[in-house]
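Here the structure comes first, spelled out in structure tokens, and everything after it is commentary.
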Amino acid sequence: MEGEKSMYKETTENVIYLAGGCFWGMEQLMQSIPGVIDAQSGYANGTCEADANYPTVYKGNTGFRETVRVEYDPDQVSLDTLLLAY
């Protein structure tokens, strides 16, 4: 939309977002896989006037889910391997 600021951050092609319960455990798992460049915990897909944070999201009324952003090098690890670990 012309004239409107984009809400989305620029990302590389080789990024996947995974939601799987405890995001700290998922983040640690993904970081242990050779070929994963970066894994960061965060929140996704919710709607709430307040910023997403653990106490707010834990209440279950925001729609946010604990998510891990995984950036990987496809020359070192395949998406299939990441999904199998997931």
Side-chain angles (χ1 to χ4, degrees):
M1 292 182 225
E2 193 172 319
E4 289 190 25
K5 186 177 178 182
S6 175
M7 300 180 355
Y8 303 101
K9 294 181 182 178
E10 289 186 33
T11 60
T12 65
E13 283 182 21
N14 304 309
V15 173
I16 187 169
Y17 291 82
L18 302 171
C22 173
F23 55 12
W24 292 299
M26 181 68 65
E27 178 182 29
Q28 185 176 13
L29 170 66
M30 290 295 144
Q31 288 173 342
S32 74
I33 299 172
V36 170
I37 297 166
D38 190 34
Q40 294 182 1
S41 296
Y43 301 97
N45 299 335
T47 55
C48 180
E49 288 185 22
D51 289 337
N53 58 52
Y54 193 78
T56 303
V57 173
Y58 182 76
K59 292 177 185 176
N61 300 322
T62 66
F64 284 106
R65 296 295 176 255
E66 294 181 5
T67 307
V68 177
R69 179 187 182 277
V70 180
E71 183 176 352
Y72 64 97
D73 180 347
D75 292 332
Q76 296 182 32
V77 64
S78 69
L79 180 56
D80 287 345
T81 298
L82 294 176
L83 292 174
L84 183 61
Y86 170 70

Going by side chain to side chain donor-acceptor pair (under 3.5 Å), name the residues that satisfy it together with [X], two or more places apart in sequence or in a different chain.
| X | answer |
| --- | --- |
| Gln28 | none |
| Glu27 | Ser41 |
| Asp73 | Gln76 |

Assigning hydrophobic clusters by single linkage (Ile, Leu, Val, Met, Phe, Trp, Tyr; side-chain heavy-atom cutoff under 4.5 Å), is Leu29 placed with Ile37?
no

Test side-chain contact (heavy atoms from CB on, under 4.5 Å), reference Tyr17, set Val68, Asn45, Thr67, output is Thr67

Rounded distance (nearest 0.5 Å) linking atom CE of Met30 with atom CD of Gln40:
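That separation rounds to 14.5 Å.
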
Listed pairs under 3.5 Å, donor-acceptor, residues 77-86 side chains, sequence neighbours left out:
residue : atom : partner : partner atom : Å
Ser78   : OG   : Thr81   : N            : 3.0
Ser78   : OG   : Thr81   : OG1          : 2.9
Tyr86   : OH   : Ala19   : O            : 2.5

Report, as yes or no, whether the 6.0 Å neighbourhood of atom CG on Asp38 holds more than 12 heavy atoms from other residues, nucleotides or ligands.
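It does: Asp38 CG has more than 12 such atoms within range.
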
Give me the atom names and distance for the closest heavy-atom approach of Tyr43 to Glu66.
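Distance-wise, the nearest heavy atoms are CE2-CG, 4.1 Å.
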
